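From a predicted model like this one, the values you see are computed outputs, not experimental measurements. Lettering follows sequence order; numbering is per chain, from 1.
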Amino acid sequence: MSENIQDSPSETQKADLATGTDFIRALVESDAQTDRFGGRVQTRFPPEPNGYLHIGHAKAICLDFGIAHEHDGICILRFDDTNPETEDESYVDAILEDLQWLGFVPDEVRHSSDYFERLYEWAQHLVRVGLAYVDDQGSDEIADQRGGFGKPGLNSPFRDRTMAENLDLFHRMRDGEFPPGSRVLRARIDMQSENMQLRDPVMYRIRTAKHHRTGEEWPIYPTYDWAHGQGDAIEGVTHSLCTLEFSDNRALYEWFLGHLPLEQPAPYQTEFARLELSHTLTSKRKLKQLIDRGDVDGWDDPRLPTLRALRRRGYPAAALRDFCSFIGVSRTNSRHAIELLESFVRAELNAKAQRRMAVVRPLKLIITNWPTDEEGRPVTEYRTLMNNPENDADGTRQVPFSGELWIEQDDFRQEPPPKYFRLSPGREVRLRGGYLVTCTGAIEDGDGKTTEVHCTYDPATAGGAAADGRKVKATIHWVEANHALDATVALYERLFSADVPGERTGEPLDDLNPSSREIVTGCKVEPILGEQVAGDVVQFERLGYFAVDAENERLFHRTVGLRDEWAKIQKRQSGGS
RNA sequence: UCGGGGAUGGUGUAAUUGGCAACACAGCUGGUUCUGGUCCAGUCGUUGGGGGUUCGAGUCCUCCUCCCCGAACCA
């Protein structure tokens with residue numbers, strides 16, 4: 001199930017062009033040379049188990065694991081579970097599963113909650129040396145006293161308690177003597193600091209919620225700032241990589257570690273820009289809102305950027321990894337075009353996905369000169385088609401063919417527009433892997449809608465090549481009508497129509513694309529598609545890549561469409577630009 | 001308002017650390033092709049603004065502008 005990604009070569013040519021160095025790798029490299037950590041490199045990936053992993057996490061994962069492994073170091077998966085009110089075991093499992101799918105195996109799995117006892121000891125140490133105190137105020141008062149940008153804060157009236165009193169109170173907090181919210185332990189730093197993070201930040205709060213691992217053992221819980229760097233130090237992390245919004249927390253990270261009796265050199269934090277993608281969102285809160293409102297079906301709805309959704313949609317993990325390595329890391333806030341991600345998906349799938357034929361919007365095609373049997377039914381024969389012209393090793397398959405076929409409605413026009421190469425009266429095209437056929441006419445219903453196309457075939461063109469070397473301008477796909485399987489196809493478009501959801505109005509939901517999903521039933525697919533299993537991704541020739549749904553093997557999710565030259569031409573013709 | 005960070009084509013990332021601004025995506029043109037796919041060739045186009053140092057500046061100095069983050073007992 002898991003792949004050894006360190007040893008596997010880049011999956012695509014593009015990935016080979018990825019830059020080998022970035023500012024973080026340069027930093028790590030220089031530390032390795034100056035022997036700051038005795039030549040050791042260790043990282044960690046620290047998700048909070050309160051939501052699902054998304055494409056943004058994939059970037060961090062590739063970085064954290066990539067850097068450690070490049071230096072023969074380890075990367076620990078650490079669940080940052082310091083807030084029992086929002087965290088849950090089910091997310092732990094989901095994160096493990098998604099991480100493995102992405103292709104990474106943590107060298108160790110830990111939890112911040114493993115360190116509660118050690119953290120408690122260290123906190124007492126800080127109290128003893130006068131660097132932490134118990135504040136009896138509520139969160140509103142503390143917030144009021146914190147001041148603002150350019151406005152210094154006020155010292156808490158409890159800031160100068162004696163060490164003995166602080167220690168006693170802190171012990172009693174731990175013993176559960178006080179109600180939630182009544183007291184906190186604060187670091188005693190500087191209420192005048194221009195860095196708000198340093199204005200006596202809270203280290204412990206009192207909570208009665210049941211913790212998913214420690215149960216009711218602890219009535220007090222460390223905050224992120226008090227747990228994170230300490231967890232890094234306990235594990236032996238050397239390079240603590242996180243996103244830009246934690247930049248101001250770095251001073252606090254260093255302050256805590258600088259005042260603790262550590263045996264090893266302290267790890268240090270480096271920030272990088274988080275991954276943003278056009279036409280989508282990675283905010284947990286907003287994602288949850290989409291689900292709660294019913295805009296999407298759930299956390300694995302293929303329109304979402306969560307890893308489970310991407311997997312369900314058919315995005316190969318290798319494409320995600322290649323993409324992440326290609327975009328690199330920097331400190332510049334930016335938003336990558338989702339088209340770039342898609343180009344990696346196509347590159348990977350073009351090489352790996354087997355070809356199949358499927359007709360999404362069927363139109364009957366009758367070959368009027370096709371032989372029939374004694375009972376007047378069209379004779380069936382089997383054509384041999386390549387499973388993947390990009391990879392001979394994938395071999396061939398037999399596909400039934402007869403004089404009664406389904407073709408795509410788009411592939412016939414009674415009156416062809418300029419540059420339209422497909423079927424229309426009098427026009428000859430190739431049925432892929434079959435024969436050259438010439439359209440002799442079409443039947444319409446009362447509303448002028450074409451219901452049946454009539455053609456004659458040239459028996460001398462079996463396989464699709466004309467003996468006389470004559471060329472046709474189009475090759476279309478088909479499915480033999482009497483052997484066809486019915487299927488349903490889910491066509492996806494961008495979830496948000498705007499490049500940057502919410503840029504106009506401030507509300508991303510205003511930019512929701514109302515037609516981000518179209519479910520088409522009554523599709524006709526070749527019989528072998530009945531043998532695909534959940535998660536398989538194939539190319540429907542001329543249409544795109546499609547993934548077999550996990551529960552319904554006759555439901556195909558469109559992973560991504562093929563590049564479509566004809567669509568571009570039409571767009572230009574309709575005066576697009 | 002204070003502090004921190006950032007700005008290179010349409011988009012994103014690079015530039016041997018002061019020496020011909022490159023790569024990819026997107027676009028466009030053409031070629032190949034039994035997928036209007038793939039592939040191949042070509043093409044378009046870039047250092048936020050002013051001043052300075054220098055033979056030479058994306059890179060150094062200086063002023064300005066704009067953008068992002070920060071005032072949870074969230075992470």
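- Residue-level contact check: A/N195 touches neither bases nor backbone, having no heavy atom under 4.0 Å from any strand.
- Salt bridge status for A/K352 with A/E348: present, with a side-chain N to carboxylate O gap under 4.0 Å.
- The pair A/D190-A/R199 does not meet the salt-bridge criterion, since no charged nitrogen lies less than 4.0 angstrom from a carboxylate oxygen.
- Paired regions of RNA chain B, where each region holds three or more successive Watson-Crick or G-U pairs whose two hydrogen-bonding distances fall under 3.5 Å, are B:2-7 with B:65-70, B:10-13 with B:22-25, B:27-31 with B:39-43, B:48-52 with B:60-64.
- Contacts of A/R207 with the nucleic acid, taken as non-hydrogen atoms under 4.0 Å apart, include base atoms.
- Between A/S334 and B/rU13 there is a side-chain N or O to OP1 or OP2 distance below 4.0 Å.
- You'll find that the side chain of A/F149 is closest to B/rU1, out of B/rC74, B/rG36, B/rU1.
- In this structure a side-chain-to-backbone donor-acceptor pair under 3.5 Å is present from A/D114 to A/H111.
- Across all strands, A/S278 comes closer than 4.0 Å to no nucleic acid atom at all (heavy-atom distances).
- Nucleic acid contact class of A/E541 (heavy atoms, under 4.0 Å, all strands): base.
- The glycosidic torsion of B/rA14 lies more than 90° away from 0, placing the base in the anti range.
- OP1 and OP2 of B/rU35 both lie 4.0 Å or more from every side-chain N or O belonging to A/R346.
- For B/rA24, the base is not stacked against the aromatic ring of A/F326, per a cut-off of 5.5 Å between centres and 30° between planes.
- Close to B/rU13, at under 4.0 Å from its OP1 or OP2, lies no side-chain N or O of A/R331.
- Using a 30° and 60° split on the angle between ring planes, A/W218 and A/Y120 fall in the perpendicular class, above 60°.
- Here, B/rG12 and B/rA7 have their P atoms 12 Å apart, quoted to the whole Å.
- Side-chain nitrogen and oxygen atoms of A/R335 include none within less than 4.0 Å of the OP1 or OP2 phosphate oxygen of B/rG10.
- Distance from the side chain of A/P389 is smallest to B/rU35 among B/rU13, B/rU35, B/rG36.
- Remark on RNA chain B: of its neighbouring residues A/L562 and A/P222, the 5'-side contact belongs to A/L562, judged by nearest-heavy-atom nucleotide.
- Look at B/rU17: its glycosidic torsion is within 90° of 0, and that puts it in the syn range.
- Considering only side-chain N and O atoms, A/R572 lies under 4.0 angstrom from the phosphate OP1 or OP2 of B/rC28.
- To the nearest whole angstrom, the two C1' atoms, one in B/rC69 and one in B/rG37, are 43 Å apart.
- Among the heavy atoms of the strands, none lies under 4.0 Å from A/G328.
- A/H211 places a side-chain N or O within donor-acceptor distance of the main-chain N or O of A/R213, the cut-off being under 3.5 Å.
- Residues A/W226 and A/Q230 have side chains that never bring a donor and an acceptor to within less than 3.5 angstrom of each other.
- Counting non-hydrogen atoms under 4.0 angstrom, A/D499 reaches nothing in the nucleic acid.
- For B/rC25, neither phosphate oxygen OP1 nor OP2 lies less than 4.0 angstrom from any side-chain nitrogen or oxygen of A/S343.
- Contacts of A/Y221 with the nucleic acid, taken as non-hydrogen atoms under 4.0 Å apart, are absent.
- A gap of 16 Å separates the C1' atoms of B/rU59 and B/rU46, to the nearest Å.
- Considering only the side chain of A/R542, B/rG36 comes nearest among B/rA75, B/rG4, B/rG36.
- The residue A/K419 sits close to a base: some heavy atom pair falls under 4.0 Å.
- Rounded to whole Å, the separation between the P atoms of B/rU16 and B/rA22 comes to 14 Å.
- B/rA15 sits 10 Å from B/rU8 when the C1' atoms are compared, rounded to a whole Å.
- With its ring centre under 5.5 Å from that of the base six-membered ring and a plane angle below 30°, A/W566 counts as stacked on B/rG36.
- Phosphate proximity of B/rG27 to A/K568: present, with a side-chain N or O under 4.0 Å from OP1 or OP2.
- Sequence order on RNA chain B of the closest nucleotides to A/A465 and A/G150 puts A/G150 first from the 5' end.
- Contact between the side-chain N/O atoms of A/R563 and the OP1/OP2 oxygens of B/rU38 is found at a separation under 4.0 Å.
- In this structure, A/E348 atom CD and B/rA24 atom C1' are separated by 17 Å, rounded to whole Å.
- If you take atom C1' in B/rG48 and the same atom in B/rC40, they sit 38 Å apart, rounded to whole Å.
- Using a 4.0 Å heavy-atom criterion, one finds that A/R430 contacts the bases of the nucleic acid, with or without backbone contacts as well.
- The side chain of A/R432 sits closest to B/rU35 out of B/rC74, B/rU35, B/rG36.
- Comparing B/rC73, B/rA7, B/rC25 by their nearest atom to the side chain of A/L340 picks out B/rC25.
- Shown here is A/E141, whose CD atom has more than 12 heavy atoms of other residues, nucleotides or ligands within 6.0 Å.
- Taking side-chain N and O atoms only, A/S139 has no distance below 4.0 Å to OP1 or OP2 of B/rA72.
- Distance noted for atom P between B/rG52 and B/rG42: 41 Å (whole Å).
- The C1' atoms of B/rC23 and B/rG4 are separated by 32 Å, rounded to the nearest whole Å.
- Side-chain N/O atoms of A/E339 and base N/O atoms of B/rU11 include no donor-acceptor pair closer than 3.5 Å.
- A/M196 places its CE atom 3 Å from the C1' atom of B/rA71, with the value rounded to the nearest Å.
- Taking the centre and axis of the six-membered ring of A/F178, the NZ or CZ atom of A/R183 falls inside the cone set by 45° and 6.0 Å.
- Which of B/rG3, B/rG36, B/rC73 sits closest to the side chain of A/V184 comes down to B/rC73.
- Between A/F79 and A/Y91, the distance separating the two ring centers is not shorter than 6.0 angstrom.
- Residue A/L244 is out of contact with every strand shown, counting any heavy-atom pair closer than 4.0 Å.
- Here the two rings, on A/F556 and A/F546, have centers that are 6.0 Å apart or farther.
- Of the N and O atoms on the side chains of A/S240 and A/D232, at least one donor lies less than 3.5 Å from an acceptor on the other residue.
- Here A/G153 lies out of heavy-atom contact (under 4.0 Å) with every strand.
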